[in-house]
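Structure, as structure tokens:
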Amino acid sequence: MSDNTVTTDTDSTGKEYHQVVAKRRERTTALLIVAPVIVLSVMLFSGIFSRINKSNELKKVHEEVLMEVPTFTAVVAKPAANTSVLLLPGNIQPIQTSAIYARAAGYLKEQKVDIGDTVKKGQVLAIIETPELDQQVEQAQAEVRNAQAALSTALADRQQFESQLMTARATIKQWRTNLSFSTVQYNRYQKLSADGAVSFEARDQTLKSVESDKANLEASEQSEKAALSQVVAADSKVASAVHNIASSKSNLKRIEALRGFQKIIAPFDGVITNRLVDAGALIQTGSSNSNTQLLAMARTDMLRIYIDVPQSVFKSVHLGDAAEILVPEMKGKIFHGQVTNISGSINSDSRTNQTEIKIPNKDHMLTPGAYAQVRFTFGRMKAPLLLPGNAVVSKNDGLYVAVAQNGHVHYKKIEIERDFGNKAEIADGVSDGDVCLIDPPDGLLEGDKVEATIVDRDNAGPSNHPAHAK
């Protein structure tokens with residue numbers, strides 16, 4: 001019995017133990033299920049509450065923003081200056097440049113000038129040694145002497161033939177006289193012989209004299225013709241000799257002129273800008289491709305500058321207009337020039353008109369090749385209004401200005417006459433005295449309330465930057 005009892009108590013205790021463990025497990029499971037629900041409920045309630053608070057705060061801030069009026073910096077539209085300034089870039093150039101070439105072939109004997117030297121017209125710049133030309137000059141001189149000797153011989157021959165001609169003519173005259181006398185005598189003897197006063201033999205003798213005189217006269221006339229032909233031939237030789245003298249002298253003069261190019265002469269007053277050869281160099285002449293350039297020089301007492309005037313303002317520039325030349329390295333220094341040439345057409349690529357301005361440079365303060373700016377000042381009858389560039393608003397349908405009127409913004413469409421980048425001249429759309437907002441935001445709408453704080457900006461003149469000149 002006792003053994004069974006013990007067994008019963010043990011089973012009872014085990015059952016109780018398992019029941020307790022099961023209850024604990026049930027409570028734990030319930031707790032694990034309920035706890036997340038509680039946590040989620042707390043978190044949900046906390047988030048909803050926080051969101052409600054933030055929404056209320058946003059509504060409050062929104063109401064405050066709606067009640068607040070934005071303040072913008074603004075300027076008052078004022079007329080620009082009564083003068084218009086046009087500033088354009090350009091490069092200073094000499095009024096005249098020249099590349100100095102050698103005209104005579106040889107060797108450069110002496111270089112008398114160097115880069116930067118100031119020279120006068122007619123000054124010797126270099127000397128070339130030309131032995132071949134020297135020989136050609138001597139040969140040409142010999143040809144002149146030979147031609148002169150040929151002329152002397154031709155003149156002597158002509159004189160001799162002229163003398164023979166004169167002798168032949170004198171002989172002809174003599175034989176004509178003799179023939180005339182013998183003919184008269186023959187006629188008289190012919191009559192006397194018919195009367196028997198003289199013999200027929202005497203008559204025949206006078207007839208023989210007539211025939212003899214005729215033959216001598218004919219011979220003299222032939223001699224005259226021969227002498228005349230010789231004189232004509234001598235005249236031809238004289239003319240040929242004279243021509244040869246002129247030709248040889250011309251050739252001599254040409255060669256001497258070429259030899260004269262041994263000395264390289266400055267064609268005008270100027271400055272040597274480049275030296276390309278040294279003493280001893282071989283100097284070649286011939287075609288334009290083989291000619292050797294010795295020096296380069298420029299005339300700098302008068303300079304010129306070419307500028308491209310935009311099409312929009314080119315009619316404002318006229319011949320004789322004064323222009324001011326500004327060089328960045330010489331701040332505060334103004335050089336004065338004058339418009340001397342204006343192109344007759346507008347460049348279709350750049351839409352500009354090329355204009356030339358001449359600048360006196362007697363003191364040589366300006367240097368050719370330097371960059372400079374040309375400034376024109378034009379008067380105008382009615383000055384446009386001037387506004388800062390950041391007061392202009394670009395929209396799809398054009399340009400506008402935000403104007404503050406009676407506490408509200410009003411957009412006015414404008415037309416720009418000239419845009420200088422940081423400033424703009426307004427041709428139409430804005431009235432004198434309009435309060436124009438600076439940098440209005442994109443979200444600022446027509447009719448929005450605004451407050452304008454007017455600042456004192458310099459509206460008196462444009463920046464005159466050449467890139468913005470239109």
Side-chain angles (χ1 to χ4, degrees), residues 85-103 108 111-126 263-279 281 283 288 291-310 314 317-345 347 349-350 352-377 464-467 469:
V85 177
L86 177 65
L87 195 62
L88 298 172
N91 294 320
I92 299 175
Q93 301 179 19
I95 194 65
Q96 185 178 2
T97 59
S98 178
I100 308 300
Y101 287 90
R103 187 65 179 86
L108 185 60
Q111 186 78 273
K112 291 184 172 292
V113 294
D114 210 333
I115 296 175
D117 289 348
T118 300
V119 298
K120 296 292 184 180
K121 182 178 180 180
Q123 180 177 338
V124 178
L125 306 179
K263 295 182 179 180
I264 308 301
I265 305 299
F268 51 81
D269 296 348
V271 176
I272 302 300
T273 59
N274 199 1
R275 176 176 59 82
L276 292 95
V277 294
D278 296 317
I283 307 301
S288 58
N291 276 7
T292 302
Q293 182 179 353
L294 305 180
L295 302 163
M297 63 178 297
R299 178 186 169 192
T300 57
D301 59 338
M302 177 69 73
L303 302 175
R304 60 184 171 188
I305 182 170
Y306 290 102
I307 57 173
D308 294 322
V309 180
F314 85 96
V317 180
H318 307 89
L319 289 175
D321 283 354
E324 295 177 331
I325 314 301
L326 310 176
V327 180
E329 295 77 17
M330 302 180 185
K331 295 187 180 299
K333 180 68 175 177
I334 298 176
F335 300 91
H336 299 279
Q338 188 177 37
V339 177
T340 56
N341 294 283
I342 298 177
S343 175
S345 63
N347 189 309
D349 295 329
S350 61
T352 57
N353 192 321
Q354 189 180 64
T355 301
E356 180 185 13
I357 297 167
K358 290 185 179 178
I359 314 161
N361 191 39
K362 296 293 184 181
D363 51 5
H364 299 282
M365 291 188 65
L366 293 175
T367 304
Y371 168 80
Q373 292 178 317
V374 179
R375 183 169 63 192
F376 292 98
T377 302
N464 302 324
H465 194 284

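What's counted below: heavy atoms across the whole structure, side chains too, no hydrogens, waters or symmetry copies.
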Heavy-atom side-chain proximity of Thr367 to Ile92 below 4.5 angstrom: no
Verdict with supporting geometry, Ile334 and Arg375, side chain to side chain contact (heavy atoms under 4.5 Å, CB included): CA-CA 10 Å; Ile334 298 176; Arg375 183 169 63 192; 3.5 Å; yes
Minimal non-hydrogen separation, Ile307 against Gly90, with atom names: CG2-CA, 4.4 Å
Side chain to side chain, Leu88 and Val309, heavy atoms closer than 4.5 Å: yes
Minimum heavy-atom distance Gln93-Pro368, with the two atoms named: C-CB, 4.5 Å
Chi angles and distances behind the side chain to side chain contact (heavy atoms under 4.5 Å, CB included) call for Ile359, Ile305: CA-CA 8 Å; Ile359 314 161; Ile305 182 170; 3.8 Å; yes
Candidate list Leu326, Val317, Ile325, Leu87, test side chain to side chain contact (heavy atoms under 4.5 Å, CB included), partner Val374, passing option: Ile325
Euclidean distance, Leu303 CG relative to Gln96 CD, rounded to 0.5 Å: 12.5 Å
Nearest heavy atoms of Ala322 and Phe376, plus distance in Å: O-CD2, 3.7 Å
Sequence-distant partners of Asp117, side chain to side chain contact (heavy atoms under 4.5 Å, CB included), two or more places apart: Val113, Asp114, Ile272
CG-CG distance between Leu294 and Leu276, expressed to the nearest 0.5 angstrom: 8.0 Å
Any donor-acceptor N/O pair, Asn361 side chain to Thr300 backbone, under 3.5 Å: yes
Gln338 side-chain N/O to Gly320 backbone N/O, donor-acceptor pair under 3.5 Å: yes
Inter-residue atom distance Leu86.CG - Gln373.CD, 0.5 Å rounding: 11.0 Å
Gap between atom CE of Met302 and atom OG1 of Thr340 - 0.5 Å precision: 9.0 Å
Test item: Val124 and Ile265 side chains (from C-beta on) under 4.5 Å apart, heavy atoms: yes
Nearest heavy-atom neighbours spanning Ala298 and Thr273: CB-CG2, 3.9 Å
Side chain proximity check, Tyr306 to Thr355, heavy atoms < 4.5 angstrom: no
Leu125 side, atom CG; Lys263 side, atom NZ - distance, nearest 0.5 Å: 12.0 Å
Derivation and outcome, side chain to side chain contact (heavy atoms under 4.5 Å, CB included), residues Val339 and His318: CA-CA 7 Å; Val339 177; His318 307 89; over 6 Å; no
Worked verdict on Phe335 versus Met365 for side chain to side chain contact (heavy atoms under 4.5 Å, CB included): CA-CA 10 Å; Phe335 300 91; Met365 291 188 65; 4.1 Å; yes
Least distance between heavy atoms, Ile95 atom then Lys358 atom: CD1-CE, 3.6 Å
Distance, nearest 0.5 Å, that separates NZ of Lys333 from CD of Glu324: 12.0 Å
With Asp301 via salt bridge (charged side-chain N to carboxylate O under 4.0 Å, His left out) - residues at least two apart: Arg299, Lys362
Nearest heavy atoms of Ile264 and Ala102, plus distance in Å: CD1-CA, 4.5 Å
N/O donor-acceptor pair under 3.5 Å between Ser98 side chain and Ile100 backbone: no
Polar side-chain atom of Asp269 near backbone of Lys121 as donor-acceptor pair, under 3.5 Å: yes
